[in-house]
Colleague: 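Let me begin by handing over the structure; questions about it come next.
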Amino acid sequence: MTDPIVRSALFVPASRPERIPKALASGADVVIVDLEDAVQESLKEQARADLEAFLLANPDARLLVRVNAAGHPGHAADLALCQQHAGVVGVLLPKVESAGQVNRAAACGKPIWPIVESARGLVELAGIARAEGVERLSFGALDLGLDLGLASGTPAAGRMLDQARYAVLLHSRMAELAPPLDSVFPDIQDREGLARTAADAADMGFGGLLCIHPSQVAIVHEALRPGADDLAWAHRVLTASASGDGVFVVDGQMIDAPVIGRARRLLQRAGQAFS
């Protein structure tokens, strides 16, 4: 399958429709209008109405919607809204714990991005990844950490969450999904911490991050951009590979198929095509 490059997916509350144009202009690869956590319970219906009004007034806008979780009273209405509007190009499905929940959401006809946020979701991840309509996976570190009883922000909690990252990566690959997105980085002021986290996510194989503030987008993009030396190396490798030799040497390093694949991936991350 063709994997659309998504480095940043920026949340904006559906209850603040005036912020949607700003989010769309932020440079984020994807904007996710949030009907779930960012909207207090008493405002859910109004937020849905505000989102529909925005979509009707802006037919060229393209966005994803995080619907309320399966079992929430507004879940079906959220999915119906998504189904009715071409501007909704995907559904972020939170707190997923079964393939059945995904299959039911997929009936709206939009690509599904499940978010795994619980121990049960991790256990069911193989089925979730292969469910109907799934395009890519993500996970919620904060909710998952709470469910597992982790001490948030500690090195020990980080080691446990890395195992969840491994599971998300593994099942994404086995189901031939687009590269998954890492969880949000909650400290908006910690620019250096965000950059380190984004770089680590890329090194782990994630495509990008979920973002909670427009200021995070440029930092994530810069952290995910391969360096000039790496890109020059990738071009040298792919140029040499055109000879057709199965194994060859570039810069004193033996090059074979996996290394060629890494070179192609570096160029893909940089938005470059090699001809």
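Numbering of residues begins at 1 and proceeds along the displayed sequence. Computed from a predicted structure; not experimentally measured.
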Colleague: When rounded to the nearest 0.5 angstrom, what is the spacing between CD in Gln101 and CD1 in Ile128?
Modeller: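 Here the interatomic distance stands at 7.5 Å.
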
Colleague: If you define the side chain from C-beta out and look only at heavy atoms, does anything of Pro214 sit under 4.5 Å from Lys22?
Modeller: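 A side-chain contact is absent here, since even the closest heavy-atom pair is not under 4.5 Å.
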
Colleague: Working note: Leu122 + Leu144, criterion side chain to side chain contact (heavy atoms under 4.5 Å, CB included); need CA distance, chi angles, decisive distance, verdict.
Modeller: CA-CA 9 Å; Leu122 274 180; Leu144 180 58; 4.0 Å; yes

Colleague: Flag yes if Ile32 and Ile188 sit in one hydrophobic cluster, no otherwise; membership is Ile, Leu, Val, Met, Phe, Trp, Tyr, and two members link when side-chain heavy atoms are under 4.5 Å apart.
Modeller: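 Linked within one cluster.
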
Colleague: Would you please name every residue forming a side-chain hydrogen bond (donor to acceptor under 3.5 Å, both in side chains) with Gln253, sequence neighbours left out?
Modeller: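 Scan of Gln253 (side-chain hydrogen bond (donor to acceptor under 3.5 Å, both in side chains), adjacent residues dropped) gives none.
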
Colleague: Taking atom CG of Asp182 and atom CG of Leu209, what is their separation to the nearest 0.5 Å?
Modeller: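 These two atoms lie 5.0 Å from each other.
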
Colleague: State the CG-OG distance between Leu93 and Ser138, to the nearest 0.5 angstrom.
Modeller: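 If I round to the nearest 0.5 Å, the distance is 12.0 Å.
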
Colleague: Which residues satisfy the side-chain hydrogen bond (donor to acceptor under 3.5 Å, both in side chains) test with Glu18, sequence neighbours excluded?
Modeller: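 Glu18 satisfies side-chain hydrogen bond (donor to acceptor under 3.5 Å, both in side chains) with Arg16 once adjacent residues are dropped.
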
Colleague: I need the full list of salt bridge (charged side-chain N to carboxylate O under 4.0 Å, His left out) pairs touching residues 195-213, with sequence neighbours left out, sorted by first then second residue.
Modeller: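 Counting only pairs at least two positions apart or across chains, no salt bridge (charged side-chain N to carboxylate O under 4.0 Å, His left out) contact touches residues 195-213.
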
Colleague: How about Leu169 and Met204: do any of their side-chain heavy atoms sit closer than 4.5 Å?
Modeller: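 The answer is yes; the side chains approach within 4.5 Å.
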
Colleague: Could you walk me through whether Arg236 and Asp251 pass side chain to side chain contact (heavy atoms under 4.5 Å, CB included), step by step?
Modeller: CA-CA 9 Å; Arg236 290 196 298 274; Asp251 300 342; 2.6 Å; yes

Colleague: Donor-acceptor pair, Ser183 side chain versus Ala141 backbone, under 3.5 Å?
Modeller: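 Pair found, side chain donor or acceptor close to backbone of Ala141.
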
Colleague: Hey, mind stepping through Leu63 and Val65 against side chain to side chain contact (heavy atoms under 4.5 Å, CB included) and telling me if it holds?
Modeller: CA-CA 7 Å; Leu63 46 83; Val65 174; 3.8 Å; yes

Colleague: Decide, yes or no, whether a salt bridge links Asp162 with Arg159 under the criterion of side-chain N to carboxylate O below 4.0 Å.
Modeller: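 So Asp162 does not pair with Arg159 through a salt bridge.
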
Colleague: Under the rule for side-chain hydrogen bond (donor to acceptor under 3.5 Å, both in side chains), what residues qualify as partners of Glu97, not counting sequence neighbours?
Modeller: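 Glu97 satisfies side-chain hydrogen bond (donor to acceptor under 3.5 Å, both in side chains) with Ser118 only.
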
Colleague: Pair Val6, Arg136 - check side chain to side chain contact (heavy atoms under 4.5 Å, CB included), show working.
Modeller: CA-CA 10 Å; Val6 177; Arg136 73 176 74 228; 3.4 Å; yes

Colleague: Minimum heavy-atom separation for Gly205 to Pro179, with atom names?
Modeller: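 Closest approach of Gly205 to Pro179: O-CB, 4.3 Å.
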
Colleague: Are Leu150 and Val116 linked, directly or through other ILVMFWY residues, by side chains that come within less than 4.5 angstrom of each other?
Modeller: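 Same cluster: Leu150 reaches Val116 through Ile, Leu, Val, Met, Phe, Trp or Tyr contacts under 4.5 Å.
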
Colleague: Which heavy atom in Asn103 sits nearest to a heavy atom in Ala131, and how many Å separate them?
Modeller: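 Smallest interatomic distance, heavy atoms only, reads OD1-CB, 3.6 Å.
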
Colleague: Without placing hydrogens or testing angles, list every side-chain donor-acceptor pair under 3.5 Å for residues 216-228, not counting sequence neighbours.
Modeller:
residue, atom, partner, partner atom, Å
Gln216, OE1, Ile212, N, 2.9
Gln216, NE2, Phe185, O, 3.0
His221, ND1, Arg7, NH2, 3.4
His221, NE2, Ser8, OG, 2.7
Glu222, OE1, Arg225, NH1, 2.3

Colleague: In this structure, are over 12 heavy atoms from other groups packed under 6.0 Å from Met174 atom CE?
Modeller: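 No, the 6.0 Å shell around CE holds no more than 12 heavy atoms from other groups.
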
Colleague: Are side-chain heavy atoms of Ile260 and Asp256 found at a separation under 4.5 Å?
Modeller: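 No, their side chains stay 4.5 Å or more apart.
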
Colleague: Is it true that a side-chain atom of Ser241 and a backbone atom of Leu238 form a donor plus acceptor pair closer than 3.5 Å?
Modeller: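 At least one qualifying donor-acceptor pair exists.
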
Colleague: I need the His171 NE2 to Leu137 CG distance, nearest 0.5 Å.
Modeller: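 Going from NE2 on His171 over to CG on Leu137, the span is 9.5 Å.
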
Colleague: Look only at the side chain of Arg66 and the backbone of Leu92, and say whether a donor-acceptor pair between them is shorter than 3.5 Å.
Modeller: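 It does not hold such a pair.
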
Colleague: Please say which of Lys95, Lys44, Glu41 ends up in a side-chain hydrogen bond (donor to acceptor under 3.5 Å, both in side chains) with His72.
Modeller: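 Checked Lys95, Lys44, Glu41 against His72; only one passes side-chain hydrogen bond (donor to acceptor under 3.5 Å, both in side chains): Glu41.
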
Colleague: CG/Leu64 to CH2/Trp113 distance, rounded to the nearest 0.5 angstrom?
Modeller: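 Rounded to the nearest 0.5 Å, the CG-CH2 separation comes to 5.0 Å.
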
Colleague: Can you name the closest pair of heavy atoms from Leu181 and Phe206 and give their distance?
Modeller: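 Answer, listing the atom of Leu181 first, then Phe206: C-CD2, 3.5 Å.
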
Colleague: For Arg62, I'd like to know if atom CZ has over 12 heavy atoms of other residues, nucleotides or ligands within 6.0 Å.
Modeller: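 Correct, the count exceeds 12.
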
Colleague: Report yes or no: do Ile115 and Val67 belong to one cluster of Ile/Leu/Val/Met/Phe/Trp/Tyr joined by side chain heavy-atom distances under 4.5 Å?
Modeller: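 They do not share one cluster, since no chain of ILVMFWY contacts under 4.5 Å joins Ile115 to Val67.
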
Colleague: Can you list everything that forms a side-chain contact (heavy atoms from CB on, under 4.5 Å) with Glu52? Sequence neighbours excluded, please.
Modeller: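 For Glu52, the residues satisfying side-chain contact (heavy atoms from CB on, under 4.5 Å) (neighbours in sequence not counted) are Leu56, Leu81, Gln84, His85.
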
Colleague: If you take all heavy atoms of Ala23 and Val31, which pair is closest and at what distance?
Modeller: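 Scanning both residues completely, I find the closest heavy atoms to be O-CG2, 3.4 Å.
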
Colleague: What's the shortest heavy-atom distance between Pro17 and Pro21, and which atoms?
Modeller: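 Answer, listing the atom of Pro17 first, then Pro21: O-CD, 3.4 Å.
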
Colleague: Do Asn58 side-chain atoms and Phe54 backbone N/O form a donor-acceptor pair below 3.5 Å?
Modeller: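 Yes; at least one donor-acceptor contact below 3.5 Å.
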
Colleague: Asn68 and side chain to side chain contact (heavy atoms under 4.5 Å, CB included): which single residue from Asp78, Asp37, Leu79, Val39 fits?
Modeller: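 So, applying the side chain to side chain contact (heavy atoms under 4.5 Å, CB included) to Asn68 and each of Asp78, Asp37, Leu79, Val39, only Asp78 qualifies.
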
Colleague: Is Ile112 linked to Val88 within one hydrophobic cluster, defined over Ile, Leu, Val, Met, Phe, Trp and Tyr using a side-chain heavy-atom separation of less than 4.5 Å?
Modeller: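 Yes; Val88 is reachable from Ile112 via cluster members.
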
Colleague: Starting from Val184, can I reach Val168 by hopping between I/L/V/M/F/W/Y residues whose side chains sit under 4.5 Å apart?
Modeller: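 Hydrophobic grouping puts Val168 apart from Val184.
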
Colleague: For residues Pro114 and Val134, report the shortest heavy-atom separation together with the two atoms involved.
Modeller: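 Reported closest heavy-atom pair: CD-CG1, 3.8 Å.
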
Colleague: Just how far is it from atom CZ of Phe11 to atom CG of Leu210, taken to the nearest 0.5 Å?
Modeller: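 If we round to the nearest 0.5 Å, Phe11:CZ and Leu210:CG are 5.0 Å apart.
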
